[in-house]
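Below is one structure, written out as structure tokens, with a few remarks after it.
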Amino acid sequence: MATFITNRFLVLILSSLFFSNALQAKRINTKIDSLNHLLEISTDIEKIDILNELIIAYDTISQIESLDYANQALELTKKIKSKEDIAISLDRVGKIQYFLSNYDKSIDYFLESLKIREDSGNKKAVAQSYNNLGVIYLHLANYNKALEYLQKAWSVSEGIADVVFMIKLSNNLGIVYMKLENYDKALEYYQKTLNNCIETNNKEQEGTCLNNIGIVYWYLEDYNKALEYYLNAVKISEDIGDKWSVSNTSRNIGEVYIKFHDYNNSLLYLNKGLKIAEELDSKHLIKDCYVTFSELYFAKGDYKKAYEYHTLYSEIKDSIFSEETGKNIAEMEVKFETVKKEKEIEILEKEHEINVLKLKKHKIQRNLLIISSLFILLIVIILYSRFLFKKKTNEQLRIAIKKISKSEADLKESNNAKDKFFTIISHDLKGPFNSLLGISELLIKRAKGYDKEKILNFSNAINTSAHDLYDLVENLLLWGRTQSGNLQNNPEKVNLRESVINNISVLKSSAEKKNIILYHEIPENTYVYVDINIVSMVIRNLMSNALKFTNSGGKVSITSVEKDNLVEISVIDTGIGISEENRKKLFRIDIHYTTKGTSDENGTGLGLILCKEFVEKSGGKIWVESESGNGSNFKFTLPKIS
């Protein structure tokens with residue numbers, strides 16, 4: 001079922017871990033100004049309460065600012081408050097690290113809080129810490145680890161009269177067991193949640209729980225039971241005015257009626273769900289409704305409408321993907337800004353050191369003048385000492401300024417690398433993912449109706465997309481290592497002929513598929529001084545490109561010639577060639593030029609960029625000679641060894 005874990009579920013999960021904002025948006029700025037004023041005139045113990053209010057105020061504005069106040073509160077709490085207060089403060093920092101996607105740090109803070117609470121013997125607080133850790137691992141899709149902590153929370157909390165906490169905990173356990181496909185256990189904990197909801201008259205949670213139970217019965221293919229729970233859920237949601245749940249559950253009901261071949265009722269509930277989804281402007285709900293409409297009309301045999309709704313579904317899915325990609329990039333930018341802020345602090349500290357040195361210098365100069373007026377006889381010694389000290393101080397200033405300049409250059413280079421990286425991700429990841437998701441969804445929904453040949457065709461398409469995606473990710477990671485300076489470059493004596501033969505062997509099957517002759521004319525005893533992995537990657541990349549852009553029946557050859565202290569290697573093909581305009585776009589990441597091969601093969605555009613960086617790092621250069629329609633000759637040089 002497409003709506004198993006929706007945005008609503010995510011909200012429910014997070015509600016079991018973190019508190020909500022206490023301030024209305026229109027009063028936040030005024031409140032912050034007032035709190036900052038109080039912070040300046042308060043005692044340390046009063047500052048802790050003020051800092052905790054600032055954490056809440058900044059929670060919806062800037063998580064980085066909120067983290068800064070949380071760290072200040074934690075340091076003061078460690079000095080003057082009890083261990084239980086320290087545990088609460090650690091939880092606050094862990095929560096903010098979670099929202100900043102620093103999951104490892106978040107886990108560290110929650111574990112430190114747990115240790116304090118275990119030592120104190122506060123069972124309720126210990127259970128809350130276990131639940132916090134379980135929720136993070138549930139978010140990270142480490143379901144076994146999540147189950148371990150949530151079961152510990154359940155064991156500790158039994159006998160504690162906190163029904164609200166037990167509702168959240170049993171709901172989290174139900175979600176984990178459903179993820180692990182242990183549906184009996186999922187039903188067991190959802191039933192506990194439902195009983196507590198009824199006891200406390202918690203209608204919102206009760207409606208959600210009924211919908212969850214319906215989902216379990218859907219997976220168990222007990223559609224009558226699923227429908228029963230869905231109908232109860234939608235009634236409660238309508239009574240309390242929870243439109244989001246009404247839309248979501250109505251779509252679920254429409255899906256059940258498709259199974260019963262009751263297309264009229266299915267259409268009735270799907271229209272209801274879509275109408276509310278459009279009122280709420282929820283793209284996720286609208287997307288789910290579109291795909292279910294497509295299933296309905298496909299079941300009815302109205303393939304035209306089924307295709308129309310599937311097209312609408314694909315369009316809104318692409319829109320959601322673009323929005324979520326933008327959010328991911330925004331999160332990465334927040335992390336980058338954090339690093340940038342740390343660098344700026346480091347620069348300010350260096351500037352402070354320079355100012356201290358300057359003040360020290362002026363103070364010594366003043367003292368030297370006073371001493372020189374009092375001790376005329378020592379004037380020569382004092383002047384000499386002053387000269388030596390000035391030389392040393394200027395050297396320290398020069399070194400400090402050099403460090404600041406390097407830090408600024410590193411910061412700019414890091415920013416440029418980030419922009420390049422985001423450009424490639426947004427441009428190239430979407431295609432393979434869309435292909436994989438689209439084809440796999442068709443297979444999941446309609447595999448039983450396809451013959452073996454069609455399934456094989458789909459499998460081949462999935463395999464091709466997966467290989468394209470793998471090549472892209474591999475190149476992106478390799479490029480990232482070159483930018484960070486983590487790529488090993490260990491030049492040695494390499495037999496060029498052997499390296500070319502090995503790579504021809506790797507690409508032989510690709511050449512045979514396109515009926516292309518692949519051969520070399522590398523003389524024996526041709527040696528180059530280069531990292532063996534680098535030269536292999538460059539040769540393989542250029543030969544792979546040559547095969548990609550050569551028509552069936554063509555030729556690809558690799559030759560070499562020695563020139564002075566270099567070996568010039570050529571990868572020559574009889575392919576489609578490259579126009580002068582497009583030749584100018586090669587080897588440049590700022591343009592990011594790609595095109596399809598003669599058999600519609602995909603490319604990432606990173607291969608030639610990596611080749612250029614590796615060849616230049618190895619002391620050579622790379623260029624291309626080509627004309628449109630007359631093949632291409634990619635040449636590069638490497639240092640030779642006699």
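Fair warning: this is a prediction, and the values are worked out from it, not measured in the lab. The analysis underlying the following values was restricted to heavy atoms, covering all of them including side chains, and did not include hydrogens, waters or symmetry mates.
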Give a yes-or-no answer on whether the side chains of [X] and [Y] include a donor-acceptor pair shorter than 3.5 Å.
{"X": "E228", "Y": "N224", "answer": "no"}
{"X": "Q128", "Y": "N132", "answer": "yes"}
{"X": "T193", "Y": "N171", "answer": "no"}
{"X": "H261", "Y": "Y263", "answer": "yes"}

Do the side chain of [X] and the main chain of [Y] share a donor and acceptor less than 3.5 angstrom apart?
{"X": "S544", "Y": "R540", "result": "no"}
{"X": "N142", "Y": "Y137", "result": "no"}
{"X": "S106", "Y": "N102", "result": "no"}
{"X": "K225", "Y": "V216", "result": "no"}
{"X": "T311", "Y": "Y307", "result": "yes"}
{"X": "S628", "Y": "I578", "result": "no"}
{"X": "K514", "Y": "T550", "result": "yes"}

With the side chain counted from C-beta on, respond yes when [X] and [Y] share a heavy-atom pair under 4.5 Å apart, and no when they do not.
{"X": "S282", "Y": "W244", "result": "yes"}
{"X": "I96", "Y": "I55", "result": "yes"}
{"X": "N144", "Y": "L180", "result": "yes"}
{"X": "F293", "Y": "E295", "result": "no"}
{"X": "V135", "Y": "N172", "result": "yes"}
{"X": "I320", "Y": "H284", "result": "yes"}
{"X": "N131", "Y": "K168", "result": "no"}
{"X": "L608", "Y": "N541", "result": "no"}

Taking every non-hydrogen atom, the tightest pair across [X] and [Y]:
{"X": "A186", "Y": "G174", "result": "CB-O, 3.7 Å"}
{"X": "A226", "Y": "G214", "result": "CB-O, 3.4 Å"}
{"X": "G577", "Y": "S632", "result": "CA-OG, 3.6 Å"}
{"X": "I215", "Y": "M178", "result": "CG2-SD, 3.9 Å"}
{"X": "S170", "Y": "W154", "result": "CB-CZ3, 3.7 Å"}
{"X": "S247", "Y": "G273", "result": "OG-O, 2.7 Å"}

For the atom pair [atom1] ([X]) and [atom2] ([Y]), what is the distance rounded to the nearest 0.5 Å?
{"X": "L267", "Y": "I258", "atom1": "CG", "atom2": "CD1", "result": "9.5 Å"}
{"X": "L169", "Y": "I167", "atom1": "CG", "atom2": "CD1", "result": "11.0 Å"}
{"X": "C289", "Y": "L312", "atom1": "SG", "atom2": "CG", "result": "12.0 Å"}
{"X": "I136", "Y": "Y98", "atom1": "CD1", "atom2": "OH", "result": "7.0 Å"}
{"X": "L194", "Y": "N202", "atom1": "CG", "atom2": "CG", "result": "11.0 Å"}
{"X": "K243", "Y": "L280", "atom1": "NZ", "atom2": "CG", "result": "6.5 Å"}

Does [X] come within less than 4.0 Å of [Y], counting only side-chain N to carboxylate O?
{"X": "E308", "Y": "K305", "result": "no"}
{"X": "K95", "Y": "D91", "result": "no"}
{"X": "K145", "Y": "E148", "result": "yes"}
{"X": "E255", "Y": "K259", "result": "no"}
{"X": "K275", "Y": "E278", "result": "no"}

What class does the angle between the rings of F260 and Y257 fall in, given that below 30° is parallel, 30 to 60° is tilted and above 60° is perpendicular?
->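 Geometry flag for Y257 against F260: perpendicular rings.
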Indicate the ring-plane relationship of Y290 and Y309, choosing parallel, tilted or perpendicular according to the 30° and 60° boundaries.
-> tilted
Could you tell me whether E279 atom CD has more than 12 heavy atoms of other residues or ligands within 6.0 Å of it?
-> yes
Near K612 NZ, under 6.0 Å, is it more than 12 heavy atoms from other residues, nucleotides or ligands?
->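 No, not enclosed.
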Trace of the side chain to side chain contact (heavy atoms under 4.5 Å, CB included) decision for D184 with N182 | CA-CA 6 Å; D184 290 339; N182 188 339; 4.2 Å; yes
From CA spacing to verdict: salt bridge (charged side-chain N to carboxylate O under 4.0 Å, His left out), K203, E206 | CA-CA 5 Å; K203 291 296 183 181; E206 182 182 348; 3.7 Å; yes
Steps toward side chain to side chain contact (heavy atoms under 4.5 Å, CB included) verdict (T292, N252) | CA-CA 9 Å; T292 309; N252 291 346; over 6 Å; no
Assert yes or no for the condition that the ring centre distance of F298 to H310 is strictly below 6.0 Å.
->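 Aromatic pair excluded; centres sit 6.0 Å or further apart.
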Apply the ring pair (Phe, Tyr, Trp, His ring centres under 6.0 Å) test between Y223 and each candidate in W218, Y230, Y229, Y217; give the one that qualifies.
-> W218
Side chain to side chain contact (heavy atoms under 4.5 Å, CB included) between K272 and V246, intermediate numbers included = CA-CA 9 Å; K272 179 179 180 180; V246 172; 4.0 Å; yes
Have a look at T249 and tell me which of D242, N211, N232 forms a side chain to side chain donor-acceptor pair (under 3.5 Å) with it.
-> N211
List the steps, then state whether side chain to side chain contact (heavy atoms under 4.5 Å, CB included) holds for L147 with L173.
-> CA-CA 7 Å; L147 182 60; L173 280 162; 3.9 Å; yes
